[in-house]
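Notes follow once the structure below has been shown.
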Number of protein chains: 2
Amino acid sequence: MPKPLTFGQFLRESRESKVATDRGFSLRKVAERAGIEPSYLSKIERDEQPPPGEAVIRQLAVELSEDPDVLLALAGKVSSDLLAIIRSRPRLFADLIRQLKSMPDHAVLRLVREVRDGSW
Amino acid sequence: MPKPLTFGQFLRESRESKVATDRGFSLRKVAERAGIEPSYLSKIERDEQPPPGEAVIRQLAVELSEDPDVLLALAGKVSSDLLAIIRSRPRLFADLIRQLKSMPDHAVLRLVREVRDGSW
DNA sequence: GGCATTGTGTAGTAGTTACTACACACTCAC
DNA sequence: GTGAGTGTGTAGTAACTACTACACAATGCC
């Protein structure tokens, strides 16, 4: 398996893989499009600063075409919309999630599909 | 349905219902057992201060025999162990939770039971 | 009526979060 | 060789989080 990257490493690798073929992915350009200072992004990519807030992470995800939930996870966070869903029925979701903790991916995936396909 | 209480209101009602029959549930006593200043708890119960951190909420849950996940939800938080589980497989859990967002309780409950009983 | 206990008011604070602003040195194109 | 663009270093900060410490007035108990 690919060794787990830090948030900063992941960002840098994602961006550098794109800047190779598209000059629009320089650190400065990406920072500008994401609405943050270049020096801030620089520090983030080198894990010198902790990851930014959810809004900025989402912007970066858009710019780099990465999955926001994955990026947020690497940043040690969970999407605020998921938190709201859990908070709306805490006992229900807490139970479910703890039950699924040690289930293999394919089992959980089956669950996702069953729910989606409405076999209910 | 019971109108949704704030975190502070919920705490106060829980505590006052107990102090009626047990003097050990005065604000000061509970605060002491939970390891916080009485004035702090007072402000929290009146929603004058935002809810405390997860550790204190858990202590209060123990003292008042309330469900920690419910208390955390009222405080606008989600248990850190659940966050860790989600972060470990962000895409998987994000999908599942968003799918379940609008499912009725009984459907989700069935899921919980099926998983628990290992009908897999 | 005095001591204990109750809830609350006021004031303060250390630590963290989430950034901005600006300057600098290097490289590259032409 | 100069102007544009690159990444990075330094410095600072406003807002929020999560509390403590102490003093005070009211009530209860015997």
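Atoms considered below: every heavy atom in the structure, side chains included; atoms not considered: hydrogens, waters and symmetry mates. Lettering of chains follows the sequences in order, A, B, ..., and the numbering in each one begins at 1.
In the hydrophobic clustering, where aliphatic and aromatic side chains (Ile, Leu, Val, Met, Phe, Trp, Tyr) are joined below 4.5 Å either directly or transitively, A:V19 groups with A:L5, A:F7, A:F10, A:L11, A:F25, A:L27, A:V30, A:I36, A:Y40, A:L41, A:I44, A:V56, A:I57, A:L60, A:L64, A:V70, A:L71, A:L72, A:L74.
Distance B:F25 CZ to C:dT5 P: 18 Å, rounded to the nearest Å. In this structure, B:E45 places its CD atom 8 Å from P of C:dG7, rounding to the nearest Å. The nearest whole Å value for the distance from the CG atom in B:L41 to the C1' atom in C:dG7 is 10 Å. In this structure, B:L11 places its CG atom 13 Å from P of C:dT8, rounding to the nearest Å.
Scanning for salt bridge (charged side-chain N to carboxylate O under 4.0 Å, His left out) contacts around A:D67 gives an empty result, with sequence neighbours left out. For B:R28, there are no salt bridge (charged side-chain N to carboxylate O under 4.0 Å, His left out) partners two or more places apart in sequence or in a different chain. For A:R33, the salt bridge (charged side-chain N to carboxylate O under 4.0 Å, His left out) test picks out A:E63, with sequence neighbours left out.
Taking CG from B:L109 and CG from B:L111, the interatomic distance works out to 9.5 Å, rounded to the nearest 0.5 Å.
Note on B:K29: every side-chain N or O is 4.0 Å or more away from OP1 and OP2 of C:dT5.
A heavy-atom distance below 4.5 Å is found between the side chains of B:R58 and B:S79.
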Query raised in the report: How does protein reach along nucleotides 20-30 of chain D, written 5' to 3' as B (base within reach of a heavy atom under 4.0 Å), S (only sugar-phosphate), or - (no contact)?
Result: BBB--------
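B:K43 and B:S39 share no donor-acceptor pair across their side chains, judged by distance under 3.5 Å alone.
Residue-level contact check: A:S26 touches the backbone only, with heavy atoms under 4.0 Å from sugar-phosphate atoms and none from bases.
The residues B:R15 and B:E45 are annotated as salt-bridged, a charged nitrogen and a carboxylate oxygen being separated by less than 4.0 angstrom.
If you check residues 46-84 of chain A against DNA chain D, the residues with a heavy atom closer than 4.0 Å are A:R46, A:E48, listed by number.
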